[in-house]
Amino acid sequence: MSFESVQKYLEQFGLADRAMNLSECSGTVAQAAADLGCEEARIAKTMAFLTKEGAILVVMAGDARVNNSLYKARFGTKAVMIAPDQLPGLVGHPMGGVCPFDHVAGVPVYLDESLRRFEVVYPAAGTNHSAVRLTIPELERSVQEFAGWVDIGKGWRPEET
């Protein structure tokens, strides 16, 4: 999968023009935020996990971290991230470009509650130098195989900082 294939996927939602091919590497939250000129929390990082049923994707705000006990309560297993060399085969995108669009069929995507506090967020678009500017309703509508909202993050709520 590639930036072009993600852009083509987004066409069906009228969002292809929101995809940006960035000049600098945006493979980390800090790099993406610097490239886009936004706060790190608005970077919608897509994390890939392996469960008993297979791969899943969870999109979280850039300042959120996985709360292992909440993850286990929701998915019935310990949070195990997919190794970088397995990402292309299991989810269809390389490290830094994992996104909730145009990924391997059958991979459910969850959106974390940490995203709901923003009007606009920036998930990757298939490469480690891309992003898509989306509102939360646009993200929810365009996610491939949307499986629902989850609350598995920590460190983003004011009472936790």
Side-chain angles (χ1 to χ4, degrees), residues 1-11 13-49 55-67 71 79 81-104 107-147 149-158 160-161:
M1 318 275 174
S2 65
F3 174 76
E4 291 78 18
S5 67
V6 168
Q7 211 173 17
K8 184 169 175 56
Y9 170 84
L10 291 170
E11 280 179 6
F13 304 100
L15 300 170
D17 63 334
R18 304 285 189 79
M20 299 169 270
N21 207 355
L22 306 171
S23 58
E24 300 292 321
C25 177
S26 59
T28 68
V29 168
Q31 290 169 327
D35 239 13
L36 294 164
C38 70
E39 61 188 298
E40 291 183 13
R42 290 183 182 270
I43 302 302
K45 61 186 177 187
T46 305
M47 303 174 71
F49 297 96
I56 66 167
L57 298 175
V58 178
V59 185
M60 307 180 86
D63 61 347
R65 297 180 320 276
V66 175
N67 178 314
Y71 180 96
M81 294 195 71
I82 296 174
D85 64 329
Q86 294 180 316
L87 287 170
L90 292 175
V91 300
H93 296 292
M95 187 166 154
V98 176
C99 64
F101 321 109
D102 190 42
H103 54 77
V104 170
V107 177
V109 178
Y110 299 87
L111 300 178
D112 185 71
E113 289 292 328
S114 58
L115 296 168
R116 286 198 199 256
R117 63 196 151 127
F118 301 113
E119 184 176 324
V120 172
V121 294
Y122 299 88
T127 68
N128 67 358
H129 53 276
S130 64
V132 184
R133 183 185 192 279
L134 298 172
T135 65
I136 296 302
E138 289 169 338
L139 175 64
E140 188 176 41
R141 181 171 47 96
S142 62
V143 163
Q144 178 183 338
E145 302 195 41
F146 180 53
W149 286 89
V150 294
D151 188 3
I152 62 163
K154 67 178 180 181
W156 63 273
R157 291 178 176 92
E160 295 175 339
T161 57

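Values below: all heavy atoms of this structure, side chains included; hydrogens, waters and symmetry mates excluded.
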Trainee: Got a second to check how far Ser114's OG is from Arg65's CZ, nearest 0.5 Å?
Mentor: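 Rounded to the nearest 0.5 Å, the OG-CZ separation comes to 11.5 Å.
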Trainee: Answer yes or no: is there a donor N or O on one side and an acceptor on the other, between the side chain of His93 and the main chain of Asp102, under 3.5 Å?
Mentor: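 Between the backbone of Asp102 and the side chain of His93 there is a qualifying donor-acceptor contact (under 3.5 Å).
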Trainee: Between Arg157, Arg42, Arg117, which is the residue that forms a salt bridge (charged side-chain N to carboxylate O under 4.0 Å, His left out) with Asp63?
Mentor: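 Checked Arg157, Arg42, Arg117 against Asp63; only one passes salt bridge (charged side-chain N to carboxylate O under 4.0 Å, His left out): Arg117.
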Trainee: If I take atom CG from residue Leu36 and atom CD from residue Gln31, how far apart are they, to the nearest 0.5 angstrom?
Mentor: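 Going from CG on Leu36 over to CD on Gln31, the span is 11.5 Å.
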Trainee: How far apart are the closest heavy atoms of Ala48 and Leu87, and which atoms are they?
Mentor: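 Of all heavy-atom pairs spanning Ala48 and Leu87, the closest is CB-CD2, 3.6 Å.
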Trainee: Could you go through Ile152 and Tyr110, starting from their C-alpha distance and side-chain angles, then the distance that decides it, and tell me whether this counts as side-chain contact (heavy atoms from CB on, under 4.5 Å)?
Mentor: CA-CA 10 Å; Ile152 62 163; Tyr110 299 87; over 6 Å; no
Trainee: What's the spacing between Leu111 CG and Asp151 CG if we round to 0.5 Å?
Mentor: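 Those atoms lie 12.5 Å apart.
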Trainee: Applying side-chain hydrogen bond (donor to acceptor under 3.5 Å, both in side chains), can you list everything that pairs with Glu40, at least two apart in sequence or on another chain?
Mentor: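 Expected list: none.
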Trainee: Between Ile43 and Ala33, which heavy-atom pair has the shortest distance, and what is it?
Mentor: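 Shortest heavy-atom contact: CD1-N, 3.7 Å.
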Trainee: For a quick test of reading the model, state the closest non-hydrogen atom pair linking Thr46 to Cys99 and the distance between them.
Mentor: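 For Thr46 versus Cys99, the nearest heavy atoms are OG1-CA, 3.6 Å.
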Trainee: Within this structure, what is the CE-CG distance for the pair Met20 and Asp35, rounded to the nearest 0.5 Å?
Mentor: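 Those atoms lie 9.5 Å apart.
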Trainee: If you take all heavy atoms of Phe101 and Ala124, which pair is closest and at what distance?
Mentor: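 Heavy-atom minimum between the residues: CE1-O, 3.8 Å.
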Trainee: Looking at Leu115, Val121, Val143, Asp112, which one forms a side chain to side chain contact (heavy atoms under 4.5 Å, CB included) with Val59?
Mentor: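 Among the candidates, only Leu115 passes.
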Trainee: State, with a plain yes or no, whether a side-chain heavy atom of Val66 is found less than 4.5 Å away from one of Phe49.
Mentor: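 Yes. Closest side-chain heavy atoms under 4.5 Å.
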Trainee: Looking at Thr135, Leu134, Leu139, which one forms a side chain to side chain contact (heavy atoms under 4.5 Å, CB included) with Leu15?
Mentor: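 Single pass found, and it is Leu134.
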Trainee: Between Phe3 and Thr127, what is the shortest heavy-atom contact and its length?
Mentor: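 Closest approach of Phe3 to Thr127: N-CG2, 3.7 Å.
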Trainee: Which atoms form the tightest heavy-atom contact between Val107 and Ala55, and what is the distance?
Mentor: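 Of all heavy-atom pairs spanning Val107 and Ala55, the closest is CG1-O, 3.7 Å.
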Trainee: One pair to check against side-chain hydrogen bond (donor to acceptor under 3.5 Å, both in side chains): Trp149 and Glu140. What are the steps and the verdict?
Mentor: CA-CA 9 Å; Trp149 286 89; Glu140 188 176 41; 2.6 Å; yes
Trainee: Rounded at 0.5 Å granularity, tell me how far OH in Tyr122 sits from CZ in Arg18.
Mentor: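 If we round to the nearest 0.5 Å, Tyr122:OH and Arg18:CZ are 10.0 Å apart.
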Trainee: To the closest 0.5 Å, what do you measure between OH (Tyr71) and NZ (Lys154)?
Mentor: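 It comes to 14.5 Å.
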Trainee: Is the number of heavy atoms from other residues, nucleotides or ligands under 6.0 Å of Arg133 CZ greater than 12?
Mentor: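 Not buried by this count: 12 neighbours or fewer within 6.0 Å.
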